[in-house]
Amino acid sequence: MKQSNVMATEEGRRAYEDILSVIAGLDDKEEIRKLFDDLFTDAEVADFVLRWLLMDDLKRGRSQRDIARNRNISLCKITRGSKMLKKKDGFMRALLSERYDDHLHL
């Protein structure tokens with residue numbers, strides 16, 4: 001099965017829910033780290049971290065062009081992140097607002 005089609009199947013959706021349940025059941029950062037280390041390659045973890053840094057950069061007000069240049073990320077990925085932060089009910093927006101500007105809730 002192609003990677004892009006796995007989420008279109010019932011099996012894929014059940015597996016996704018199972019993964020979410022496992023992660024939600026872990027309350028120790030070291031357990032989560034071990035799970036990630038087992039599940040993901042170093043490159044996949046690096047992509048994950050880069051996406052987090054991108055969201056952090058956007059929330060801090062850095063320009064998309066500066067982020068693209070400094071992080072070597074395509075403007076397309078940055079635009080997607082920017083759209084996520086503009087969603088009024090977006091999880092990342094709320095999470096980063098709580099972290100950086102709780103009093104403003106931007």
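Quick note: residue numbers are just sequence positions, from 1.
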Does [X] reach the side chain of [Y], with side-chain heavy atoms less than 4.5 Å apart?
{"X": "Leu75", "Y": "Arg65", "answer": "yes"}
{"X": "Asp28", "Y": "Ile32", "answer": "no"}
{"X": "Lys88", "Y": "Arg93", "answer": "yes"}
{"X": "Arg71", "Y": "Ile78", "answer": "no"}
{"X": "Met55", "Y": "Met84", "answer": "yes"}

Between [X] and [Y], is there a shared hydrophobic cluster once you connect ILVMFWY residues whose side-chain heavy atoms come closer than 4.5 Å?
{"X": "Leu26", "Y": "Leu20", "value": "no"}
{"X": "Val22", "Y": "Phe40", "value": "yes"}
{"X": "Val45", "Y": "Ile19", "value": "yes"}
{"X": "Val49", "Y": "Leu58", "value": "no"}
{"X": "Leu53", "Y": "Leu95", "value": "no"}

(request) Of all the heavy-atom pairs spanning Lys77 and Leu54, show the shortest one and how long it is. (result)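 Closest approach of Lys77 to Leu54: O-CD2, 3.7 Å.
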(request) Determine the minimum heavy-atom distance between Ser97 and Lys59, stating which atoms define it. (result)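 Nearest pair, atom of Ser97 first, then Lys59: OG-NZ, 3.2 Å.
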(request) Would you please classify the geometry between the Phe48 ring and the Phe36 ring as parallel, tilted or perpendicular, with 30° and 60° separating the classes? (result)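 Perpendicular, since the angle between the ring planes exceeds 60°.
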Within the side chain of [X], is there an N or O that forms a donor-acceptor pair under 3.5 Å with the backbone of [Y]?
{"X": "Glu44", "Y": "Thr41", "value": "yes"}
{"X": "Ser21", "Y": "Glu17", "value": "yes"}
{"X": "Arg13", "Y": "Ala8", "value": "yes"}

(request) May I ask you to say whether Asp47 pairs ionically with Arg51, meaning some side-chain N is under 4.0 Å from a carboxylate O? (result)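 No salt bridge links Asp47 with Arg51.
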(message) Please report the interatomic distance CD1(Ile67) to CG(Asn72), rounded to the nearest 0.5 Å.
(response)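 Going from CD1 on Ile67 over to CG on Asn72, the span is 13.0 Å.
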(message) If I take atom CG from residue Leu85 and atom CG from residue Asp56, how far apart are they, to the nearest 0.5 angstrom?
(response)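 These two atoms lie 10.0 Å from each other.
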(request) Step by step, work out the side chain to side chain contact (heavy atoms under 4.5 Å, CB included) result for Asp37 and Arg33. (result) CA-CA 6 Å; Asp37 288 346; Arg33 182 187 321 274; 3.7 Å; yes
(request) With salt bridge (Lys or Arg N to Asp or Glu O under 4.0 Å) as the test, would you mind laying out the steps for Asp38 and Lys34 before giving the verdict? (result) CA-CA 6 Å; Asp38 283 352; Lys34 288 175 185 178; over 6 Å; no
(message) Checking Arg69 against Asp66 for the salt bridge (Lys or Arg N to Asp or Glu O under 4.0 Å) test, could you report, in this order, the C-alpha distance in whole Å, the side-chain angles of both residues, the deciding distance, and whether it holds?
(response) CA-CA 5 Å; Arg69 183 175 44 257; Asp66 283 345; 2.2 Å; yes
(message) The test is side chain to side chain contact (heavy atoms under 4.5 Å, CB included); show your working for Met92 and Trp52 and say whether it passes.
(response) CA-CA 10 Å; Met92 285 299 295; Trp52 181 266; 3.9 Å; yes
